[in-house]
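Data block below; observations after.
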Amino acid sequence: MLQLNLPSPLQPIADERLGSMRLFLKRDDLIHPELPGNKWRKLKYNLDVARGHDTLLTFGGAYSNHLRAVAAAGRIFGLATVGVVRGEPVSNPVLDFAVSRGMRLSFVDRAAYRNKDALLPGLRAEFGDFYLLPEGGSNEHAVRGCAELVPEIEVPFDLICVPCGTGGTLAGVASGLHAGHALGFAVLKGGGFLREVVAGLTSSQRWSLDTDFHHGGYARRTPELDAFIADFQARHGLLLDWVYVAKMLHGIYRRAGEWQGRTVIAVVTG
Ligand SMILES: *Cc1c(COP(=O)(O)O)cnc(C)c1O
């Protein structure tokens, strides 16, 4: 049986550095140990739509939380899974976990990975019929799932923040808003292209994107970010995911001066 911790808890953060800004963490990381955060929300309706297929196929980098979650979902829901991984064949904890949950991996070089549609006929020949989940799982069904996060929040708020990788979570949260504003923090360098992606996934206008806190790019870190993570853990007992969540929260702390008197929700996506 799938036991999900929903609605996910809302945790107030008392921190004098924030002045009169009120901060709550929406703890989506606690939804499920193998299907955390936005990955569960993005998969939920995709799994409904995938009924009738016996295989899920998706794309990701070698450290993709999405591949990990798809592999776990496949095991839980009795579906075969295929992960098409960017780059040379490697082994790491993420891919080892995916394989342990039954995922078959297919490595493709970066040039071929960029042109995913051209790979599909070959993948169908190799793996048979499958339900295709896009990279990062961001599609209309993912947006619907992420929108459900918003009505779970029982305090009035001005701003809801999410980290942004492929933009599906931001689009979903924006779609769920009837008041307030969603702000995405791009975790990759040159993330401005995400504005077009998000606009293609939601007709909501209640969102914007901050591209100032990528710390050098996807899965890059800076001493400043590491210091923020250590300090946050010391004060609040929570070790932040450094690829996504820490970059968002660091950005929120840096913007807090502009947000005095407001109530801000930070979604801990994983
Ligand atoms: C995948 C992931 C994201 C990115 O979500 P997108 O919908 O791709 O923008 C954010 N946070 C965590 C923890 C993730 O694993």
Side-chain angles (χ1 to χ4, degrees), residues 8 25-46 58-73 83 85-86 93-95 97-98 133-150 160-176 182-202 204 207-211 213-215 217-219 221 225 229 232 238-252 265-270:
S8 63
L25 303 184
K26 175 71 170 154
R27 294 292 305 274
D28 266 18
D29 55 315
L30 301 176
I31 289 177
H32 187 275
E34 294 190 358
L35 299 169
N38 66 346
K39 298 300 181 282
W40 163 250
R41 296 193 190 272
K42 288 165 81 167
L43 279 170
K44 178 180 171 187
Y45 290 112
N46 274 294
T58 194
F59 293 87
Y63 288 92
S64 163
N65 288 338
H66 166 68
L67 284 184
R68 201 179 188 285
V70 170
V85 186
R86 179 182 57 227
V94 172
L95 297 180
F97 173 87
L133 277 162
E135 180 175 39
S138 290
N139 59 13
E140 65 193 293
H141 309 299
V143 166
R144 238 176 99 206
C146 289
E148 292 182 347
L149 181 163
V150 177
I160 180 165
C161 298
V162 298
C164 224
T166 62
T169 306
L170 176 58
V173 168
S175 299
L183 176 60
F185 286 90
V187 303
L188 34 92
K189 194 150 91 183
F193 74 93
L194 287 168
R195 292 194 179 93
E196 205 174 314
V197 176
V198 175
L201 286 167
T202 180
S204 169
W207 62 273
S208 45
L209 184 73
D210 189 326
T211 56
F213 296 97
H214 58 73
H215 295 268
Y218 183 76
R221 54 210 293 176
L225 184 68
I229 291 169
F232 197 89
L238 178 63
L239 177 60
L240 303 171
D241 156 77
W242 62 273
V243 178
Y244 291 101
V245 177
K247 290 182 180 179
M248 165 191 66
L249 266 177
H250 177 253
I252 291 172
I265 311 286
V267 183
V268 180
T269 41

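Both ligands and their constituent atoms are indexed starting at 1 by order of listing.
- The CE atom of Met248 sits 8.0 Å away from atom CZ of Phe185, with the distance rounded to the nearest 0.5 Å.
- The minimum heavy-atom distance between Ala72 and Leu35, with the atom names listed, is CB-CD2, 4.1 Å.
- Side-chain contact check for Trp242 versus His250: every heavy-atom pair is 4.5 Å or farther apart.
- In this model, a donor atom of one side chain and an acceptor atom of the other lie less than 3.5 Å apart for Asn46 and Asn139.
- Contact detail for Gly192 and Thr211: the closest heavy-atom pair is N-CG2, 3.9 Å.
- Counting all heavy atoms, side chain and backbone alike, Ser8 lies closest to Arg41 at OG-NH2, 3.6 Å.
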For ligand 1, what N or O to protein N or O distances fall under 3.5 Å?
unit_1: ligand 1; atom_1: 5 (O); unit_2: Asn38; atom_2: ND2; d: 2.9
unit_1: ligand 1; atom_1: 5 (O); unit_2: Thr169; atom_2: OG1; d: 3.4
unit_1: ligand 1; atom_1: 7 (O); unit_2: Lys42; atom_2: NZ; d: 2.5
unit_1: ligand 1; atom_1: 7 (O); unit_2: Gly168; atom_2: N; d: 3.3
unit_1: ligand 1; atom_1: 7 (O); unit_2: Thr169; atom_2: N; d: 2.9
unit_1: ligand 1; atom_1: 7 (O); unit_2: Thr169; atom_2: OG1; d: 2.7
unit_1: ligand 1; atom_1: 8 (O); unit_2: Lys42; atom_2: NZ; d: 3.1
unit_1: ligand 1; atom_1: 8 (O); unit_2: Thr166; atom_2: N; d: 2.8
unit_1: ligand 1; atom_1: 8 (O); unit_2: Thr166; atom_2: OG1; d: 2.6
unit_1: ligand 1; atom_1: 9 (O); unit_2: Gly165; atom_2: N; d: 2.8
unit_1: ligand 1; atom_1: 9 (O); unit_2: Thr166; atom_2: N; d: 3.1
unit_1: ligand 1; atom_1: 9 (O); unit_2: Gly167; atom_2: N; d: 2.9
unit_1: ligand 1; atom_1: 11 (N); unit_2: Thr269; atom_2: OG1; d: 2.6
unit_1: ligand 1; atom_1: 15 (O); unit_2: Lys39; atom_2: NZ; d: 2.8
unit_1: ligand 1; atom_1: 15 (O); unit_2: Asn65; atom_2: ND2; d: 2.8

